[in-house]
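To start, the structure under review is shown below, and the notes come after it.
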Number of protein chains: 2
Amino acid sequence: MATGRTHRPATRSRGIPEATVARLPLYLRALTALSERSVPTVSSEELAAAAGVNSAKLRKDFSYLGSYGTRGVGYDVEYLVYQISRELGLTQDWPVVIVGIGNLGAALANYGGFASRGFRVAALIDADPAMAGKPVAGIPVQHTDDLEKIIQDNGVSIGVIATPAGAAQQVCDRLVAAGVTSILNFAPTVLNVPEGVDVRKVDLSIELQILAFHEQRKAGEEAAADGALPGAAAAAAARKAAADQGPDGDVPAVMPA
Amino acid sequence: MATGRTHRPATRSRGIPEATVARLPLYLRALTALSERSVPTVSSEELAAAAGVNSAKLRKDFSYLGSYGTRGVGYDVEYLVYQISRELGLTQDWPVVIVGIGNLGAALANYGGFASRGFRVAALIDADPAMAGKPVAGIPVQHTDDLEKIIQDNGVSIGVIATPAGAAQQVCDRLVAAGVTSILNFAPTVLNVPEGVDVRKVDLSIELQILAFHEQRKAGEEAAADGALPGAAAAAAARKAAADQGPDGDVPAVMPA
DNA sequence: AAATGTGAAATTATTCACAGCT
DNA sequence: AGCTGTGAATAATTTCACATTT
């Protein structure tokens, strides 16, 4: 995509790598903390440490935005905050709707970090008529019937789906039809969207499963190394032993699913 | 890390790529759905569609686990469910503690997908003495003072942090000292952990910021293409125009932070 | 005929290491 | 003297395309 046609002046070429985009919010958060402590400048080394990445990566990331540092000195904190904010589109206001006001939806509505940085919860939507009118986080819940009108009246382009998995695709379709082009999906299901619509997903269960994979791996290595097991590791090793039912065992009746 | 020493038989070599591990839960979910519908076999094409990836990637991913398919036929659903579950370590029970029982912590405790697939909420922990003893999702909340004992008594190796950002590092340190080696962090802060401890983070604000970046990009392209704007896109374009304050503007007083 | 499994190519991301600026 | 910015080197990931197996 966007194959470099070898004729544009190298300056500020389009296309920041996706991996870099994903880290910009991290840098921004670290910078904001420095700004609040009135720190005027910061080196790539310091900022990288605060953001939990290595400094070469950080410098490379910033190089895609432009040359915002000063050699021998570092980066001006305020200036960088502004440049990254602008790059991320946070200098404008983003009205957001949350659909599905259960436990999670309510938690999201109450989440402070949501409101900061340009995002504004414009409306809460739920399918339960009993919820309608009830305020959550100070915002009255509206009924799904009015979804399209709410989207359009508020010029919403970002939707958050916090419904049960079964309702997610349907809600997604309606959001997209009404003009939403970015979706943050908390429902544990794959959403099908047309070209041009971005979906990002947050899935607790997936994150835990990834951790379990590494945890299992660690348990295996411990067993091999066979040192004294600190803390709760002994119990973990015991679990491991109990679960190991021979290599490549044949298919059992049914799995935990 | 774990540099291949070039002497092990290629069969089932160690080290599944991280990107593959991150997709296994996705495949597992799709397979579980098929299993519930009693679908006996599935092709890489079909399964890939259900999981939202392309089929070559899926086949490559599975090739790291072993040869579990049948050429000309596809994959046996039950068998694959089992193999992936085993690979992810889901054939064993993982007791988990959630620390910080605010809105989000409560939502997590109530989250059904949590309990499925081998994860069990062993305890809820909060720093507020007023919460102690109160049941959330049927589990009584315990006080932070007892954190170490709770971890050890339950053999917990996975901890979920849902505290405010300010408390997260301290909670993390105590969890790790007590024997936890995997942490799922919902607090918007970078956690420092010793070697051997895995941390995964979930950050709503970061996800929204990434969406905003792409959203902004789209608005720019629309303005360039200048077609009829469907739905709420017109309003979005207007926002864009309002926010564009010339290229490379100088530093403003303060940013939204 | 159909679909897997996989080398090889292409792409993307990270890290190194140092020239160049302040 | 210190620290950025970036080519070049390396590593990881994705995609292609097809030989191989059922």
Side-chain angles (χ1 to χ4, degrees), chain A residues 1-6 9-24 26-27 31 34 39-77 79-80 83-84 87 210, chain B residues 1-4 6 9-24 26-27 31 34 39-77 79-80 83-84 210:
Chain A
M1 46 184 73
T3 324
R5 208 72 64 69
T6 32
T11 327
R12 191 76 82 82
S13 83
R14 232 47 318 258
I16 298 174
E18 193 52 37
T20 294
V21 172
R23 280 187 296 267
L24 291 181
L26 229 57
Y27 302 144
L31 284 164
L34 291 171
V39 176
T41 62
V42 66
S43 71
S44 64
E45 203 73 53
E46 295 166 320
L47 184 54
V53 304
N54 97 13
S55 67
K57 194 189 285 186
L58 176 142
R59 287 200 301 279
K60 183 62 113 180
D61 283 341
F62 286 179
S63 79
Y64 295 117
L65 309 185
S67 286
Y68 295 148
T70 307
R71 290 163 200 254
V73 178
Y75 301 92
D76 180 284
V77 171
Y79 186 59
L80 244 197
Q83 291 298 347
I84 294 179
E87 198 65 56
I210 296 171
Chain B
M1 42 185 73
T3 324
T6 33
T11 328
R12 192 75 82 80
S13 81
R14 232 50 315 262
I16 298 174
E18 193 53 38
T20 295
V21 172
R23 281 187 296 266
L24 291 180
L26 229 57
Y27 302 144
L31 284 164
L34 291 171
V39 176
T41 62
V42 67
S43 70
S44 64
E45 203 73 53
E46 296 164 321
L47 184 54
V53 303
N54 96 14
S55 67
K57 193 189 284 186
L58 177 143
R59 287 200 302 279
K60 185 62 116 181
D61 284 341
F62 286 179
S63 80
Y64 295 116
L65 309 184
S67 286
Y68 295 147
T70 308
R71 291 155 127 101
V73 178
Y75 301 92
D76 181 284
V77 171
Y79 187 59
L80 244 197
Q83 291 299 348
I84 294 179
I210 295 171

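Letters go in sequence order (proteins before strands), and every chain restarts at 1.
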Here the distance between atom P of D:dA12 and atom CZ of B:R23, to the nearest Å, is 15 Å
Which atom of B:L31 lies closest to which atom of B:I84, heavy atoms considered: CD1-CD1, 3.7 Å
Kindly compute the distance separating OG (B:S55) from CD (B:E46), expressed to the nearest 0.5 Å. 11.0 Å
Atom pair distance, as rounded to whole Å: CG in B:L58 and P in D:dT14: 12 Å
Separation of C:dA13 atom P from B:E18 atom CD, nearest Å, is 16 Å
Where protein sits on nucleotides 15-22 of chain D, one letter per nucleotide: B base, S sugar-phosphate only, - none, heavy atoms under 4.0 Å: B-B-BBBB
B:Y68 OH - C:dA3 C1' separation (whole Å): 19 Å
Where is the tightest heavy-atom contact between A:L58 and A:S44, given as atom of each residue plus distance? CD2-CB, 3.7 Å
Rounded to the nearest 0.5 Å, what separates atom CD1 in A:I16 from atom CG in A:D61? 9.5 Å
As a test of reading the structure: which of C:dA13, D:dC3, C:dG5 is closest to the side chain of A:P17, going by heavy atoms? C:dA13
Atom pair distance, as rounded to whole Å: CG in A:L65 and P in D:dT4: 15 Å
Testing B:Y68, B:Y75, B:Y79 one by one against B:F62 for a ring-ring contact (aromatic ring centres under 6.0 Å, His included), which residue passes? B:Y75
In terms of side-chain heavy atoms of A:S67, which of D:dG5, D:dT14, C:dT4 is nearest? D:dG5
Please give me the minimum heavy-atom distance between A:V42 and A:L47, naming the atom from each residue. CG2-N, 3.7 Å
Of the nucleotides D:dT14, D:dT6, C:dG5, which has the atom closest to the A:S63 side chain? D:dT6
Would you mind reading off the distance between A:L47 atom CG and D:dG5 atom P, rounded to a whole angstrom? 12 Å
What is the distance, to the nearest angstrom, from the OH atom on A:Y64 to the P atom on D:dG7? 10 Å
Would you indicate which nucleotide in C:dT14, D:dT14, C:dG5 comes nearest to any side-chain atom of B:Y75? C:dG5
Minimum heavy-atom distance between B:L65 and B:L24, given as atom pair plus value: CD1-CD2, 4.0 Å
Rounded off to whole Å, could you give me the CD-to-C1' distance for the A:E45 and C:dA17 pair? 14 Å
